[in-house]
Asks: 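Submitted below is the structure of interest, expressed as structure tokens.
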Amino acid sequence: MRRALVLFVLLLAALATAASAATRAQITVFAAASLTDVFPRIDAAERYSFGGSNTLSAQIQQGAPADVFASANMTLPNQLYAKGLCSRPVVFTRNTLVIVVPTSNPAGVHSVYDLTRGGIKLVVAGPGVPVGSYTLQVLRNMNLSAAVLKNVVSQETDVREVLAKVAMGEADAGFVYSTDARTVPGKVKVVKVPAWAQPKVQYGVCVVSSSGDKTSAQAFVRRLLTRQAQAKLVAAGFLPRIKKR
Amino acid sequence: MRRRALGWVPVAAAAVTLGFLLLPIVAIFVRTGPDALLDQLSNPVVQDAFVVTLKTSGVAQLLILLLGTPTAYVLATRRFRGRPLAVVLVELPLVLPPAVAGLGLFAAFGRLGLLGSTLDAFGVSIPFTQTAVTFAVAYVASPLYIRQAIAAFEAVDPNVVAASRTLGAGPARTFFRVVLPLARVGLIAGLALSFARGLGEFGATIMFAGSLQGITQTLPLAIYAEFDVDFDAALAMGGVLVGISILLLAGLHLGLSWRSSSTASRSLFGLSPSA
């Protein structure tokens, strides 16, 4: 009798956990490195893989098991969409580019123009990484490409690596998003990039076609567009999804 | 009857192991094809990476040879208090994840590192330079050479060394004319190991030296950068790296067997003669 009762309780517990798991399946989100801190705040239950958006896109193309792809630009998700590898991407947030320097500012960088001075150790992301391509756009807009790019000492594979080398104090300056600079308070100082030179930074999200749980994946994407999630993004320093006219 | 029945087990295990080790390499060449490989050989990114790799690995291996050999000899032949600790310390970089080794190099030689201000005073800056690549390669590869070198020197019969000294040869002459030739096989095996490790070095390099074409971007770094842009090009670059590695190691092996001072055959990475 007692054995039957114990078995019955165990069965109930198993059913309960199975039921809760069924209504709340965990999905895998491949997201741009700049979303490392804010995404878990929006939804702590999912499994995240953060990295350079181009690396993540390449992994998805090679069959990596992702359900959602959140990129720091629209180009990469659009490329996947064109290949039928994900759903039509939507813009879910925007960002701005800034220069970060170590708090001691050893090279005395106070503007983009200061980066043309000789001997400055500038770190940028590779041209395939969204923030790297945005950096090149900024420099093109300001007509400073050759003058500044000659000071590049390393091309990193994602924005947080750029940030880390500057925060470490080993690089004199780096181009990152304004949201990244806020994640290491006290280690870096921000040098603004003029608003007229800012590229159009739009983050795109889409559901990966090979996802095993499209329902949960679509629910995640919808959640990103809700007022609560958008408020959390803005609180982290991102720009509202839709530009105010 | 029982013995024969179990005879196939190690053979099967060997087949599985060899298959596991060789499949990724074969797969690269199957997926890539000879035209893609030749294409990559004329790619300036690959050519630059090849030059950077050769220069930095060459200098690093030279340093490892010149500094590591006497180190191994001291550790192999002298008995002093703390010797076991010294041997462990020499092997420490082996257990360090390469990225952590890169962080350590920053902490030691970076601008804000322990030696930072000293280097600054001499106008020397190491991070993000080709020298940094050499440092990273030398750091991760030297334990492999030194370990083999210690074993090689320990295998030299001390009676032979003693005989040489008794017959009037000084320590230096004994080392170069007696010890070195006897240990040569093990030393070359160790060098091949450290060279192979150095060729493939990635984590410490990308951390400490960064990645810039023509200056710090070695072949592994170039392949990693290419992966996000063009996967097939990256695969072809990988094929080029594998091809270069095979050529260099085969060259070392051929040189070894040609100049071998013993009649027994030697395996490339081991010290004991293969059956």
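Each chain gets a letter, A, B and so on, in the order its sequence line appears, and its residues count up from 1. What's counted below: heavy atoms across the whole structure, side chains too, no hydrogens, waters or symmetry copies.
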Asks: Quick check on K214(A): does its NZ atom have over 12 non-hydrogen neighbours (other residues, nucleotides or ligands) under 6.0 Å away?
Replies: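 Above 12, so yes.
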
Asks: If you draw a 6.0 Å radius around NZ in K192(A), do more than 12 non-hydrogen atoms from other residues or ligands fall strictly inside?
Replies: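 No.
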
Asks: Heavy-atom cut-off 4.5 Å, strictly under: side chain, backbone, both or neither for P127(A) against chain B?
Replies: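 Neither part; nothing is under 4.5 Å.
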
Asks: Are R111(B) and D172(A) side-chain neighbours, meaning at least one heavy-atom pair lies under 4.5 Å?
Replies: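 Yes, their side chains come closer than 4.5 Å.
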
Asks: Is it true that a side-chain atom of K165(A) and a backbone atom of M207(B) form a donor plus acceptor pair closer than 3.5 Å?
Replies: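 Yes, because the side chain of K165(A) sits within donor-acceptor range (under 3.5 Å) of the backbone of M207(B).
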
Asks: With a 4.5 angstrom heavy-atom cut-off, is it the side chain or the backbone of L103(B) that approaches chain A, or both, or neither?
Replies: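 L103(B) touches chain A through side-chain heavy atoms alone.
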
Asks: S125(B) versus chain A, heavy atoms under 4.5 Å apart: side chain, backbone, both or neither?
Replies: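 Side chain only.
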
Asks: Hey, is the main chain of S154(A) close enough, under 3.5 Å, to the side chain of S211(B) for a donor-acceptor pair?
Replies: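 A pair under 3.5 Å: no.
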
Asks: Taking the side chain as C-beta and beyond, is there a heavy-atom pair between E170(A) and F128(B) under 4.5 Å?
Replies: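 Yes, at least one pair of side-chain atoms sits under 4.5 Å.
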
Asks: So for V152(A), is it side chain, backbone, both, or neither that comes closer than 4.5 Å to the heavy atoms of chain B?
Replies: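 Both parts, backbone and side chain.
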
Asks: Measure the shortest side-chain to side-chain distance between Q59(A) and F231(B) over non-hydrogen atoms and say whether it is less than 4.5 angstrom.
Replies: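 Of all side-chain heavy-atom pairs linking F231(B) with Q59(A), none is under 4.5 Å.
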
Asks: Indicate yes or no: at least one non-hydrogen side-chain atom of M168(A) is less than 4.5 angstrom from one of L112(B).
Replies: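 They are not in contact (no side-chain heavy atoms under 4.5 Å apart), so the answer is no.
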
Asks: Please look at T157(A) and chain B and tell me whether the side chain, the backbone, both or neither of the residue comes under 4.5 angstrom of a heavy atom of that chain.
Replies: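 Side chain only.
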
Asks: Which bit of Q61(A) is near chain B, if near means a heavy-atom gap under 4.5 Å: side chain, backbone, both or neither?
Replies: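 No part of it gets close to chain B.
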
